[in-house]
K.L.:
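Provided herewith is a single structure, encoded as structure tokens, for subsequent inquiry.
The first residue of the sequence shown is numbered 1, and numbering continues consecutively from there.
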Amino acid sequence: MTPGENVLLITGFCGGFTTFSSFADDMWVLGSKGDWTTFILYLALSVILGVLLVWGGRALIR
């Protein structure tokens with residue numbers, strides 16, 4: 001495996017899974033506690049802000 005492939009695998013691929021796992025676990029904990037307001041706000045803001053920030057970043061590089 002080349003050093004570039006190693007970096008891609010460790011930081012890109014595995015990093016994406018651990019980030020999503022942390023997000024999913026946070027959602028699970030909030031749902032288990034019945035904190036539905038925070039659950040919905042966290043979910044909506046994470047997705048909406050994530051998409052908006054990607055859109056903004058892409059707009060900046062054009």
K.L.:
When rounded to the nearest 0.5 angstrom, what distance separates CH2 in W28 from OG in S21?
P.N.:
14.0 Å
K.L.:
Atom CD1 of I40 and atom CG of L45: how far apart are they, to the nearest 0.5 Å?
P.N.:
11.5 Å
K.L.:
Hey, does the side chain of S46 reach the backbone of L43 with a donor-acceptor pair shorter than 3.5 angstrom?
P.N.:
no
K.L.:
To the closest 0.5 Å, what do you measure between CG (L30) and CG (D25)?
P.N.:
9.5 Å
K.L.:
As an exercise, state the distance from CZ of F39 to CG of D26, rounded to the nearest 0.5 Å.
P.N.:
11.0 Å
K.L.:
To the closest 0.5 Å, what do you measure between CG (L53) and CG (L60)?
P.N.:
10.5 Å
K.L.:
So if you build clusters from Ile, Leu, Val, Met, Phe, Trp, Tyr with side-chain heavy-atom gaps below 4.5 Å, do V47 and W55 land together?
P.N.:
no
K.L.:
Going only through I, L, V, M, F, W and Y residues with side-chain contacts under 4.5 Å, is there a path from I48 to F23?
P.N.:
no
K.L.:
How about W36: does its CH2 atom have over 12 heavy atoms from other parts shown lying under 6.0 Å from it?
P.N.:
yes
